[in-house]
Structure formats: structure tokens, C-alpha cells
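I have placed the structure first, in the form of C-alpha cells, so that the comments after it can refer back to it.
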Amino acid sequence: MSKEFEIAREFEVDATPEQVWGAITSGTGGWLWPMEAPEPREGGRGPFGSAVTAWDPPHRYTNRVEDVEGISEQTLNQLDYTIEPRDEGRRAWVRYVHSGIFVDDWDNQYDGAGKHTDFYLHTLRQYLTHFDGRTLAFATFDGPEASKASDAFVAVGRALGLADDTAEGARVQARGPEGQALDAVVDYRNPYFIGLRTDTALIRFFGRNHWGAPVGISVHDFAPDADAKRNELAWQSWLNGVFGA
């Protein structure tokens, strides 16, 4: 049954309003995934066939789309960002509202969307604080069918060399592709997501098995010699190996 939803979040970040504006309009690959920049005017074209319904840089940006491209479960999607300066413009306050209509499996979709929102907005703050303005190589992919299992994300954490109780803020030597040791900070962790931050990358692990989908990984690599395809092949092989695929 179709039903409206709204997910609203507020946060402050150690970045200027202009930096936040750049990240949400043209720098989405640094924290979400690369997408076309919106046409810079009200009424312009936004990503995924949306229309820009508010454009007031660097304070307000809204896009809205009906019949969302490639997403049969959703018939309306709106993203709204409000940005205000703090500390004489040295910091920013952000309000983010995601609203729309889910057409089926509403509770599961809403739960997944809310939890993903928290992780993505956390990654936005990590990007702005540590990597804003740096060149980027981005890769994202899903695990094999076996990664849909109920305990799949526990296996991912253990394959990284994390103890079940390794908490946010811990500095670890994680096990990456081909046994590579990654000196990283666990910048996010709960039963659904793991975020690792190295000196040159944000590596994000998505426990989408909780919502009936495969586990996923996204790599935001800011190293000068970063290679998106190399990262994808290496981490895809690692993830397949976790599940014996």
C-alpha cells in the first residue's frame, strides 16, 4: 500500500556553508556516490530526472521527482537541504529532509532509509572534515547471494579483523584485500554499518542483508594515485572471499 514518509535530520559540522553546499551539489562522490550536478536555478534539472524546486546558494537546495527512475518501489522523492552559518560562518548547521511515497513493503523500506540516512550524513561530515576538495576515485558494489544471510554482516566485521565489540573511535589494523593491513579509525559502527577512515580513504560497509539485500561496499579513495577499478576488483574479491564465492 502506498504511504508517505519523511526522514528529517539536523547536525552541525566543522565546515563553512559554502563547503557544505559544494558537497551536496557537486561533490556527492566524496560521501554518497557521484551524480550529475543540478542545473543551478529553480526549475532546472536535478539528478535522476528530478526538478530543482529551491536554489538559494549556499542556504537552500531542494529537488523533487515523481516516478523515480529505476526505483519501482517509490513514486515520489524529495530531498531538501537547509544550511545556516554558525560561529561567524566558520561552521554550518544543516537540516536535511527526505520525503516521498513508498508503494510497498513500507516498514522495511522506511527502516532501511532512515538507517542509511544516518550513515550517509555521518560520511558527509567525515568527508567535509578530512577530505573536502581532494580528487576522488569512487567504487561501489554488492556481495554475492550468500551475503543476504542473517549473520552475513557479522562475518564481514570479523573478516576485517574487528572484534565483535570493537567500537567507534578505535584505531585498528584492519585486514583488507590480499591480507593488506589497513591503519584505520573505525569512524562508524553499529549492527548495520561499518565505516573505516584511513589517511586517504573512506571505506564503507553496508549490512543490507538486514533488509533482504546483499552486503555492499563503497570506497571513496582520495589518494593521488587512486584507481577506482583497481579498488573495485580488490575489494570485490575480498568480499566474495568472505562468503566463499
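For the single chain, residues carry numbers from 1 onward in sequence order.
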Can you check whether [X] reaches [Y] side chain to side chain, under 4.5 Å on heavy atoms?
X: E84; Y: H59; value: no
X: S2; Y: F102; value: no
X: H116; Y: W211; value: yes

task = Might you point out which heavy atoms bring A139 and A228 nearest each other, and give the distance in Å?
result = CB-O, 3.6 Å

Would you say [Y] and [X] are linked by a side-chain donor-acceptor pair, where the criterion is simply a distance under 3.5 Å?
X: R204; Y: T123; result: yes
X: H98; Y: D80; result: no
X: Y110; Y: N108; result: no
X: D199; Y: H130; result: no

message = Can you see whether F206 has R208 sitting over its ring - NZ or CZ less than 6.0 Å from the centre and within 45° of the normal?
response = yes

task = Decide if atom CD of Q180 counts as having more than 12 heavy atoms of other residues, nucleotides or ligands within a radius under 6.0 Å.
result = yes

ask   = Do NZ/NE/NH1/NH2 and the carboxylate oxygens of E36 and R45 come within less than 4.0 Å?
value = yes

inquiry  = Please confirm whether the ring centroid of W31 lies under 6.0 Å from the ring centroid of F131.
reply    = no

inquiry  = Who clusters with V215? Use side-chain heavy atoms, under 4.5 angstrom, across I, L, V, M, F, W and Y, and order the result by chain and number.
reply    = F141, F153, V156, L160, L162, V172, L182, V186, I194, L196, I203, F205, I217, V219, W235, W238, L239, V242, F243

request  = Specify whether Y61 and W21 have parallel, tilted or perpendicular ring planes, treating 30° as the upper limit for parallel and 60° as the lower limit for perpendicular.
outcome  = perpendicular

query = What's the spacing between T28 OG1 and H220 NE2 if we round to 0.5 Å?
reply = 10.0 Å

